[in-house]
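Some notes on the structure that comes next.
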Amino acid sequence: MKLPMSQIHTLHILNKTPEHPRFNECLAMMGPDDALVLTENGVTALWSTSKAALPKVFATKADLQARGLVAEANGATSVDYPELVDLTVQAKRVISW
Amino acid sequence: MTTLIVIDQAPYGLWAGREALDMAFSLATFDQPVSLLFTGAGVNWLRKGQTPDAIEQKSVERNLSAAPVFGIEQLLADEASCQRYGLSPDELIDGANMARGSSGLLASYTNVIFSN
């Protein structure tokens with residue numbers, strides 16, 4: 001799956017669940033040209049991120065499968081690890097929350 | 001002497017939830033009346049279709065759905081948390097039931113232990 005080459009300003013990598021304070025801090029900091037990657041426990045937040053009007057949301061496939069979740073069902077795109085690396089290369093800067 | 005173990009950590013990302021599950025199962029094997037309440041991100045333990053092989057972990061779905069066989073009395077999911085995580089009743093593992101308002105529930109057990 002070739003990822004869109006549109007420029008990502010900041011890539012936010014988030015492995016926290018909505019209860020964690022850093023979860024809302026991350027969402028609040030997201031700009032229109034930013035992208036969000038939910039990983040590990042962060043993928044459980046798919047339901048709440050699908051409600052927030054976020055520009056681009058990705059989620060790591062292995063973590064989704066582990067938890068019985070489907071990204072596309074919640075308006076996100078699932079990525080494997082090589083694709084995650086592509087995203088980090090595309091972005092001008094990366095924040096790992 | 002009844003025990004309620006409350007799990008509010010999401011599955012697989014941290015070990016705390018799994019340790020609490022092991023504690024519940026060992027209490028049950030020694031015939032201690034024990035129930036489990038999943039709340040917050042913890043309700044995700046109860047979602048069907050977990051296949052964690054790619055992250056090299058064992059699925060808990062099998063032992064959770066066999067909880068009654070192990071002697072665990074109740075497998076409860078906090079309803080508000082299920083809504084927050086988009087978890088409908090039919091996506092819950094067999095044997096898990098929705099529970100409303102965990103505060104009243106906690107009062108009905110002599111021992112309540114939160115997973116750390």
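Just so it is clear: chains get the letters A, B, ... in the order the sequence lines come, proteins before strands, and each one is counted from 1.
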### Query
If you group Ile, Leu, Val, Met, Phe, Trp and Tyr by side-chain heavy-atom gaps below 4.5 Å, do A:Leu14 and A:Leu87 land in one group?
no
### Query
Do side-chain atoms of A:Thr17 reach the backbone of B:Ala41 as a donor and acceptor pair under 3.5 angstrom?
no
### Task
Answer yes if A:Val43 and A:Val70 sit in the same cluster of Ile, Leu, Val, Met, Phe, Trp and Tyr residues linked by side chain heavy atoms under 4.5 Å apart, and no otherwise.
no
### Message
With a 4.5 angstrom heavy-atom cut-off, is it the side chain or the backbone of B:Gln83 that approaches chain A, or both, or neither?
### Response
backbone
### Query
Taking atom CG of B:Leu14 and atom CD of A:Glu40, what is their separation to the nearest 0.5 Å?
9.0 Å
### Query
Which heavy-atom pair separates A:Ala62 from B:Ala54 by the least distance, and what is that distance?
CB-CB, 3.7 Å
## Note on the structure
Against chain A, residues from residues 84-92 of chain B with at least one heavy atom under 4.5 Å, in numeric order, are B:Arg84, B:Tyr85, B:Gly86
### Query
If Ile, Leu, Val, Met, Phe, Trp and Tyr residues are connected whenever their side-chain heavy atoms lie under 4.5 Å apart, and connections chain through other members, are B:Leu36 and B:Phe70 in the same group?
yes
### Message
Under 4.5 Å between side-chain heavy atoms, counting indirect links through other Ile/Leu/Val/Met/Phe/Trp/Tyr residues: same cluster for B:Ile113 and B:Trp45 or not?
### Response
yes
### Query
In terms of hydrophobic clustering (I, L, V, M, F, W, Y; side-chain heavy atoms under 4.5 Å; direct or indirect links), are B:Leu46 and A:Leu46 co-clustered?
no
#### Entry: Atom CD of A:Glu72 with >12 non-hydrogen neighbours under 6.0 angstrom
yes
### Query
Any sub-3.5 Å donor-acceptor pair from A:Asn41's side-chain atoms to B:Gly13's backbone N or O?
yes
### Task
Under the side-chain contact (heavy atoms from CB on, under 4.5 Å) rule, what do B:Asn44 and A:Arg67 come out as? Steps first, then yes or no, please.
CA-CA 7 Å; B:Asn44 289 286; A:Arg67 296 163 179 81; 5.7 Å; no
#### Entry: Heavy atoms of other groups near A:Trp47 CH2, more than 12 under 6.0 Å
no
### Query
Does NZ in B:Lys58 sit with more than 12 non-hydrogen atoms of other residues, nucleotides or ligands closer than 6.0 Å?
no
### Query
Checking A:Gln65 against chain B: side chain, backbone, both or neither under 4.5 Å from a heavy atom?
both
